[in-house]
Amino acid sequence: MFDLTITGGTLVDGTGAPGRLGDVAIRDGRVAAIGPGVAATDQAAATIDATGRVVCPGFVDIHTHYDAQVLWDRMMTVSPWHGVTTVVMGNCGFGVAPTRPDHRDLIVRTLEKVEGMSATALRAGLGDEWPFETFPEYLDAVEARQPVINVAAMIGHTPVRLDVMGEESTERAATPEEVARMRAVVAEAIEAGAIGFATSKSPTHVGYEGRPVPSRSADFEEILAIAGALGDAGRGVIQATMGSGLLFDEFSRLTRETGRPISWTALLAGMGGGTQIAEWMLGESVRLLDEGLPIHPQVSCRPLNFEFTMAEPFPFESMRLFGAISAAHDTAAKVALYRDPAFRRELREKLADGRGGALGGSWDRTVVSWCPSDHTLDERNVAELAAERGQDPSDLVLDLAIESGLEARFRMSVLNYDEDQVEQLLTDPHTMIGLSDAGAHASQLCDSCFSTHLLSRWVRERKALSLEEAVRKLTSEPADIFGLADRGRLAEGRPADVVVFDPAAVGCGPLERVHDQPAGADRLISRASGIDAVVVNGVVVRRDGVDAVDPSGPLPGRLLRG
């Protein structure tokens with residue numbers, strides 16, 4: 001007797017091998033048998049008819065920020081809707097552990113600024129008494145929540161630095177004694193089951209009061225020393241968001257001296273406003289990989305679009321000019337700065353000179369997504385609208401923002417908007433798919449639908465990838481690089497994480513704004529189409545686009561300890 005059989009589908013096993021017709025039989029959470037006719041004569045408690053469908057391993061998302069959300073949302077929305085059965089948290093060096101009680105508000109305010117999370121939702125969702133202080137305690141708390149999908153966590157440099165150095169972590173280099181303490185904290189986390197260590201030097205990572213996040217104040221020797229804890233343990237991945245002082249030479253030394261693989265964020269089309277920077281970065285990555293160094297660039301299959309307000313102008317906050325905006329505590333102070341002719345003049349000049357911060361940005365690729373003072377402007381292109389009114393686009397944006405009490409929303413296509421360039425990066429054998437940012441920037445973007453977008457846009461429509469190769473890039477490749485040894489392949493004896501989908505219909509829907517976060521906070525979501533079933537550890541969790549398990553009951557996901 002099997003618990004579940006999936007019959008008559010095209011089996012795409014995650015290795016890149018050609019698909020073949022066959023069945024999957026599942027017992028006790030694992031694949032008991034796989035191949036043509038294996039379920040034909042055996043009984044099963046439940047059966048899914050997969051005729052005309054693809055049956056493949058559950059998708060693995062290695063770049064998420066569910067660190068807080070997992071503690072209030074056991075259903076891990078919206079990732080499972082799109083076939084994701086395993087996620088990795090703690091990217092870019094951010095997270096909620098370790099955290100001392102008196103640092104909790106600093107962590108909340110940091111996540112609010114750098115990852116676009118609602119502070120109101122974070123406070124309501126996490127409550128006054130967090131069920132952990134140390135990273136091992138955090139892993140235990142996640143495991144006790146028993147989420148619907150599998151979860152693995154890296155320990156982040158920013159909370160580690162804050163834990164050891166306090167608020168000075170945003171301002172100065174660490175002492176040798178502090179570095180030793182941080183290394184010990186990371187070693188403890190790896191021993192408890194963290195699958196790696198993550199850090200960031202990105203200029204886009206601006207925290208509370210406009211300060212750089214703590215990891216940006218670390219010198220490379222500190223990063224090298226802390227990551228040495230992974231070398232001592234002989235396991236774990238290093239995830240790095242690059243910036244000044246953490247580029248290819250540093251990556252090379254880091255992996256040579258620790259012996260650990262690196263996955264870095266992110267290689268995107270349009271960086272620097274053209275093709276040269278992305279081409280150079282890809283060339284450097286190829287050179288290092290050809291030298292045998294496991295240094296893997298993450299690419300994204302979706303355009304990087306940010307929906308923002310001028311109350312939280314994330315695309316511009318890496319500009320020095322916006323430091324005062326980031327530090328301002330109320331709307332009135334921000335409005336006063338936006339009215340200042342000197343501020344406006346400097347903003348116009350910097351944007352005209354191509355100095356729009358690390359994310360660049362262009363009014364030509366920006367629309368007014370929602371204007372409460374005049375809905376006839378919704379979805380109008382900012383540059384075109386400004387030309388009609390005889391204004392500079394930046395003045396138009398600031399005027400609309402002020403008229404709406406900074407509630408007007410704008411959507412900017414920042415990077416990855418040229419699909420021909422994206423295709424070159426996406427199909428290069430040296431890159432891996434990452435940067436969904438699921439759980440972060442909830443009111444600004446929703447790229448947790450990357451898997452269904454890849455299968456619809458890049459496989460079915462553009463035919464840039466074969467179905468088998470796309471599935472491999474969603475399953476075994478990220479699992480292997482991040483050391484998730486038993487995930488990412490459909491094979492006998494493996495955990496039964498399975499997706500059944502219609503290759504002719506799979507896709508993701510348009511973005512919708514909903515208010516389903518704690519305290520009624522809003523976020524953007526995208527619904528999936530063509531996903532027939534999602535199975536996690538042998539349990540069907542989604543069926544025909546709806547949840548198949550009780551969110552308040554036992555759920556099949558596991559904490560994947562390293």
Side-chain angles (χ1 to χ4, degrees), residues 77-78 112-122 302-317 322 325-326 328 330-339 344 347 351 356-357 359-389 391-417 437-449 453 508-527:
T77 53
V78 297
E112 175 188 34
K113 296 298 295 183
V114 76
E115 291 297 343
M117 299 179 184
S118 163
T120 301
L122 287 168
R302 285 175 61 80
L304 189 59
N305 293 329
F306 276 101
E307 188 160 314
F308 62 95
T309 69
M310 294 309 290
E312 296 293 339
F314 180 79
F316 301 107
E317 287 191 294
F322 276 76
I325 299 293
S326 300
D330 56 48
T331 298
K334 294 177 182 179
V335 166
L337 287 165
Y338 288 144
R339 291 189 189 277
R344 290 185 171 223
L347 178 60
L351 293 179
L359 291 177
S362 169
W363 298 128
D364 293 333
R365 300 189 303 275
T366 305
V367 299
V368 181
S369 57
W370 183 68
C371 184
S373 59
D374 185 355
H375 287 297
T376 66
L377 304 182
D378 292 357
E379 296 303 317
R380 289 290 310 276
N381 180 275
V382 165
E384 293 174 0
L385 188 57
E388 290 176 11
R389 296 188 175 192
Q391 283 185 284
D392 185 89
S394 59
D395 287 318
L396 169 72
V397 167
L398 294 180
D399 287 346
L400 294 178
I402 291 169
E403 289 171 12
S404 66
L406 304 190
E407 292 185 2
R409 298 191 192 104
F410 306 89
R411 186 173 63 253
M412 178 180 287
S413 185
V414 178
L415 293 166
N416 250 34
Y417 46 83
D437 263 357
H441 302 289
S443 68
Q444 300 166 336
L445 56 77
C446 178
D447 286 346
S448 48
C449 56
H453 180 84
C508 53
L511 298 186
E512 305 172 39
R513 188 169 295 276
V514 297
H515 292 78
D516 64 352
Q517 295 286 79
D522 68 309
R523 64 170 173 164
L524 293 170
I525 65 169
S526 171
R527 302 184 190 275

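Quick note: residue numbers are just sequence positions, from 1.
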Quick check: Phe322 with Phe316 (ring centres under 6.0 Å apart)? yes

Sub-4.5 Å side-chain heavy-atom contact between Asp364 and Val382: no

Any salt bridge between Glu388 and Arg380, counting N to O under 4.0 Å? yes

How many angstroms lie between atom CG of Leu385 and atom OG1 of Thr366, to the nearest 0.5 angstrom? 12.0 Å

For Arg513, I'd like to know if atom CZ has over 12 heavy atoms of other residues, nucleotides or ligands within 6.0 Å. yes

Specify whether His375 and Trp370 have parallel, tilted or perpendicular ring planes, treating 30° as the upper limit for parallel and 60° as the lower limit for perpendicular. tilted

Can you check whether Ala333's main-chain N or O pairs, donor with acceptor, with Asp330's side chain at less than 3.5 Å? yes

Once you round to the nearest 0.5 Å, how far does CZ of Arg302 lie from CG of Asp447? 4.5 Å

Rounded to the nearest 0.5 angstrom, the CD-CZ distance for Gln444 and Phe306 is 6.0 Å

Would you tabulate the side-chain donor-acceptor contacts of residues 399-409 under 3.5 Å, counting partners in other chains and residues two or more places apart, or write 'none'?
from: Asp399; atom 1: OD1; to: Arg344; atom 2: NH1; distance (Å): 3.0
from: Asp399; atom 1: OD1; to: Arg344; atom 2: NH2; distance (Å): 2.8
from: Asp399; atom 1: OD2; to: Gln391; atom 2: NE2; distance (Å): 2.8
from: Ser404; atom 1: OG; to: Leu400; atom 2: O; distance (Å): 3.1
from: Ser404; atom 1: OG; to: Ala401; atom 2: O; distance (Å): 3.0
from: Ser404; atom 1: OG; to: Glu407; atom 2: N; distance (Å): 3.2
from: Ser404; atom 1: OG; to: Ala408; atom 2: N; distance (Å): 2.8

With the threshold set at 4.0 Å, does a side-chain nitrogen-carboxylate oxygen contact exist between Lys334 and Glu312? yes

Donor-acceptor contact present, side-chain Tyr338 to main-chain Met310, <3.5 Å: yes

Ser443 versus Asp522, side-chain donor and acceptor atoms under 3.5 Å: no

Nearest 0.5 Å, what's the SG-NE2 distance between Cys508 and His453? 6.5 Å

Among Asn305, Leu445, Leu524, Ile525, find the residue that satisfies the side-chain contact (heavy atoms from CB on, under 4.5 Å) test when tested with Leu511. Leu524

With rounding to the nearest 0.5 Å, note down the distance linking CG in Asn416 to CG in Leu304. 7.0 Å

Under a 3.5 Å cutoff, is there a donor and acceptor pairing between the side chains of Arg523 and Thr77? yes

Evaluate His441 against Glu307 for side chain to side chain contact (heavy atoms under 4.5 Å, CB included), listing each step before the verdict. CA-CA 9 Å; His441 302 289; Glu307 188 160 314; over 6 Å; no

